[in-house]
Every structure is written in structure tokens, then in C-alpha cells.
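Below is one structure; the comments refer to it alone.
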Amino acid sequence: MAGHWADFQYEIYLNGTTGGVPRLPTDLTRLEELTERRLGPGPVGYVAGAAGDGSTERANRAALERRRIVPRMLRDVRERDLSVEVLGRALPAPLALAPVGVLSIMHPEAEPAAARAAAARGVPYILSSASSTPMEQVAEAMGDAERWFQLYWPKDPDVARSFLARARASGYSVLVVTLDTPLLSWRPRDLDQAYLPFLHGVGTANYFTDPAFRAGLAKSVEEDPNAAVLHFVGMFADPGKTWPDLALLREQWDGPIVLKGILHPDDALRAADAGMDGVVVSNHGGRQVAGAVAAADALPRVAEAAGDRLTVLFDSGVRTGADVFKALALGARAVLLGRPYVYGLALDGQAGVDHVIRCLLAEFDLTLALSGHAGPATVSASDLEDGPA
Ligand SMILES: Cc1cc2nc3c(=O)[nH]c(=O)nc-3n(C[C@H](O)[C@H](O)[C@H](O)COP(=O)(O)O)c2cc1C
Ligand SMILES: O=C(O)C(=O)c1ccccc1
């Protein structure tokens with residue numbers, strides 16, 4: 001499991017005396033550039049790209065970097081325990097892999113490779129609705145691990161019902177409902193390169209295999225793939241949804257439901273009132289609202305509103321072990337890792353994702369220890385100082 005002193009600091013700093021130079025860098029911020037060299041500008045542009053002028057994505061990093069850890073000394077940190085409880089589940093570390101669609105543009109083994117890497121470390125993998133592999137196949141790759149499914153809440157209620165039924169039947173227990181993408185935003189990097197994977201049918205695997213989706217088509221997917229893609233674009237999400245609609249989802253899903261993309265404390269209150277179990281404080285990695293508040297700046301207020309009514313998770317900008325520490329100090333129970341594991345997948349398949357998970361957790365473990373903490377439980381707002389804006 002990933003938590004044992006973060007794998008004894010990734011096997012005594014990368015395999016003791018026998019390891020040699022690692023296949024991938026241990027500073028995860030370097031992976032994007034390497035991936036661009038390997039795959040070229042189209043696919044990397046899609047993953048690295050953001051909404052509008054990219055200001056939200058930059059703000060996500062700046063908000064984490066601005067906050068500085070204030071380490072404490074002489075607190076006996078020989079034995080660390082990274083584990084946390086999330087939604088009634090014991091996780092080896094405060095980490096899950098964020099839902100990222102269309103992974104086949106990064107690596108032929110796509111989502112199953114990422115899911116296997118996560119499962120091997122006991123880290124939950126959240127499968128995207130827009131995956132390039134059907135959810136049943138990814139479920140098999142997950143083995144005994146906890147299965148989390150991210151729902152893009154479709155406009156067609158029959159497809160929504162069908163997705164939930166399929167997710168349940170293939171053993172997914174936690175539902176993550178993404179609210180910040182009722183439409184895809186204006187993303188200049190993709191538009192300027194004419195690189196929109198789903199227009200070529202990538203990321204539609206769950207839809208094209210779905211009986212309810214197929215029933216809504218005039219001609220079959222095979223006969224008229226272009227019409228099927230347009231149908232997908234028009235119905236994968238629904239800008240008409242409002243808070244009362246959550247009641248239907250709550251009725252249709254027995255397990256925990258987490259709302260992803262919450263940034264305002266009042267929305268956290270509404271989530272709790274609607275019987276939700278958690279929220280992900282996230283701005284989708286700066287990919288949706290250019291000019292939006294940095295996720296780390298929104299986190300303390302949302303966490304305060306959530307109190308003990310909701311489990312608060314966080315993503316958007318996590319790149320280092322120190323970022324995980326800071327997110328916990330700002331009120332998150334655990335973080336979701338996004339782009340870095342996607343680059344790990346691009347560069348070295350399952351082994352690349354494994355490397356990314358282990359680097360992040362080894363660095364988190366050492367950050368905890370060197371800051372005077374034997375585990376996440378003692379990390380609090382008083383461990384951070386606000387640096388200059
Ligand atoms: C290429 C790409 C595809 C994504 N697809 C999804 C998705 O299908 N569903 C979803 O809820 N979030 C999706 N996200 C958002 C991630 O879950 C997460 O919120 C984001 O990557 C966090 O930002 P970071 O990668 O900068 O840390 C996607 C992000 C990227 C980069
Ligand atoms: O690109 C994204 O951020 C995303 O969430 C998405 C949405 C639909 C299809 C593929 C990815």
C-alpha cells in the first residue's frame with residue numbers, strides 16, 4: 001500500500017544503491033515538457049490547455065505557491081501514518097486520481113493502465129464518463145480496488161439512468177458528479193490547433209456502447225458516426241439542470257455522492273441540504289471559467305461552510321508533496337491528482353503512473369515529517385503562512 005512511509009520514501013530514494021537514474025524525473029512539474037517532446041503539440045495542448053487566457057490555471061499554481069509551510073521541530077516523526085478516512089473508506093494516503101477523459105490520446109492502454117497503477121497502490125481511481133474505454137472494462141482492470149465513477153450528468157434521463165445502472169452493476173460505489181462542465185469552455189489552444197478529440201469520437205466509449213444512447217440515434221453509430229458524435233456533444237451534459245434535480249440522482253444512487261466543481265460556500269451548503277456526501281473544490285484545472293477564483297483560495301471558505309456535514313476534497317494545481325500538505329492545511333480531507341499522472345501515462349504507461357503516485361506520496365511523507373507531523377490529522381491552518389500575493 002502506498003501509505004507505508006510513502007513506500008519507505010520510494011524505496012530509499014529510488015531503489016537504494018542499485019537503482020541508477022530513474023526513467024522519469026522525480027520533479028513532476030517537468031513531465032509536461034517531456035510529454036510535449038514525445039507526443040507533439042496536439043494531444044499535449046489538449047491536456048495542458050486551459051480556458052481563455054489561461055489565467056485561472058496560473059492562479060491555481062500561484063495560490064498554492066504563495067502559501068508557505070511553517071515547519072515545527074522536535075516532534076518525534078519516526079513512525080508516520082499517511083492514511084485518512086474518506087466517505088467511510090480507509091485510504092492509504094489523502095490521494096485519488098482525478099477523472100480525466102480521452103486518455104487514449106496519451107497512451108494506447110489509456111484508462112485501464114492508469115486504473116491498474118492506482119489499484120496497485122490502493123489509491124482510488126475516478127473513472128471519467130468521457131473515458132476512451134467502457135466503464136465495464138476499466139472496472140475489471142481495477143480488481144479489488146474501490147471503484148469511483150465520475151458522471152457527466154446527461155441531458156437524456158434514460159442515458160443517465162442507464163449509466164448509473166451500468167456503474168452499479170460493474171461495482172462502482174462512489175459517484176462523483178461534475179457540475180462545472182455543462183458546456184465545454186472556450187479553449188484557444190484546442191481551437192487554434194483544431195484538436196478536439198471528442199469530435200473524432202475519442203472519449204465516447206461509454207456512450208457509443210450504451211443501449212439508451214444508441215436508442216436515441218436515427219442511424220446506428222456504425223452507419224453514421226458523425227451524427228453519433230454530434231448527438232454526444234449535444235447531450236453529454238445539461239446546462240438546464242438546477243439544484244432540485246439532485247433529488248432524482250440521490251434516489252437513484254445508494255452510495256456516496258460527491259459534487260465536483262464547487263467554489264462558493266453557499267453551493268456547499270446547498271450540496272449538504274440536497275443530501276450529498278462530499279464536494280470537490282475545483283475549477284477543473286482552470287479549464288472552464290477563465291478568470292475564476294483559484295481553487296486553493298476558494299478552499300478555506302468552502303471547508304468552513306461544509307463543517308462536518310460534507311467531506312471536502314480538492315483539486316486544480318496539485319503538483320508536489322508540499323501542495324498536498326497545503327491543501328490539507330486549507331481544509332481538504334484529500335486531494336485529486338490531475339495532469340501529472342496523465343503525463344506519467346503518456347511517458348511510460350502504467351509504470352509512469354505508478355512513478356508519479358510514488359513520487360508525490362514520498363515527497364508528501366517527507367514534507368510531513370520535516371514539518372513536524374506524523375500524519376495528516378495534525379495538519380492545520382496554523383502550519384501555513386500567507387506569502388506575498
Ligand atoms: C485532459 C483533461 C480531461 C479532463 N476530463 C475530465 C472529465 O472527463 N471529467 C471531470 O470531471 N474532470 C475532467 N478533468 C478535470 C480533472 O478531473 C481535474 O479537475 C483537473 O485536472 C485538476 O487540475 P490539475 O490537473 O491542473 O491539477 C479533465 C482534466 C484534463 C486535464
Ligand atoms: O476536457 C475536459 O476538461 C473535459 O472535462 C472533457 C469533457 C468532455 C469530453 C472530454 C473531456
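First listed ligand is number 1; within each ligand, the first listed atom is number 1.
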Task: Close-contact set for ligand 2 against Arg287 heavy atoms, below 4.0 Å - done: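 In order of numbering, the contacting atoms are 1 (O), 2 (C), 3 (O).
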Task: Atoms in ligand 2 with a heavy atom of Tyr46 nearer than 4.0 Å - done: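 Near Tyr46, the atoms of ligand 2 are 1 (O), 2 (C), 6 (C), 10 (C), 11 (C).
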Check each heavy atom of [X] against ligand 2 and say whether those closer than 4.0 Å belong to the side chain, the backbone, both or neither.
X: Arg187; answer: side chain
X: Leu184; answer: side chain
X: Gln288; answer: neither

Task: Set of side chain to side chain contact (heavy atoms under 4.5 Å, CB included) partners for Val100, sequence neighbours left out - done: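 Here the qualifying residues are Leu103, Tyr341, Val342.
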Task: Contacts of Asp348 that satisfy side chain to side chain contact (heavy atoms under 4.5 Å, CB included) - sequence neighbours left out - done: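 For Asp348, the residues satisfying side chain to side chain contact (heavy atoms under 4.5 Å, CB included) (neighbours in sequence not counted) are Arg23, Leu24, Ala351.
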Open item on the list: Quick test: of every protein heavy atom, which one is nearest to atom 4 (C) of ligand 2, and how far off is it to 0.1 Å?
Closed with: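 Nearest neighbour among protein heavy atoms for atom 4 (C) of ligand 2, to 0.1 Å: Tyr152 OH, 3.5 Å.
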TODO: Write out the residue and atom name of the closest protein heavy atom to atom 8 (C) of ligand 2, then the distance separating them to 0.1 Å.
DONE: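 Its nearest protein heavy-atom neighbour is Phe236 CE1, 3.9 Å.
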Would you kindly say whether [X] and [Y] are connected by a side-chain donor-acceptor distance under 3.5 Å?
X: Ser131; Y: Thr133; value: no
X: Asp315; Y: His284; value: no
X: Thr320; Y: Glu363; value: no

Task: Every residue of the protein that comes under 4.0 Å of ligand 1, judged on heavy atoms - done: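 Correct list: Tyr46, Val47, Ala98, Pro99, Val100, Gly101, Ser128, Gln150, Tyr152, Thr178, Lys260, Ser282, His284, Gly285, Arg287, Asp315, Ser316, Gly317, Val318, Arg319, Gly338, Arg339.
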Charged N-O contact under 4.0 Å between [X] and [Y]:
X: Asp158; Y: Arg161; result: yes
X: Asp383; Y: Arg67; result: no
X: Arg166; Y: Asp210; result: yes

Open item on the list: Does atom CZ (Arg89) have a neighbourhood of more than 12 heavy atoms from anything else shown, all under 6.0 Å?
Closed with: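 Atom CZ in Arg89 is packed in, count exceeds 12.
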Open item on the list: Yes or no: does Ala130 have any heavy atom under 4.0 Å from an atom of ligand 2?
Closed with: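 Contact check Ala130 vs ligand 2: positive.
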Distance-only donor-acceptor pairs under 3.5 Å for side chains of residues 182-190, two or more places apart:
from, atom 1, to, atom 2, distance (Å)
Ser185, OG, Arg187, NE, 3.4
Ser185, OG, Arg287, O, 2.6
Arg187, NE, Arg287, O, 3.1
Arg187, NH2, Arg287, O, 3.4
Arg187, NH2, Gln288, OE1, 2.9

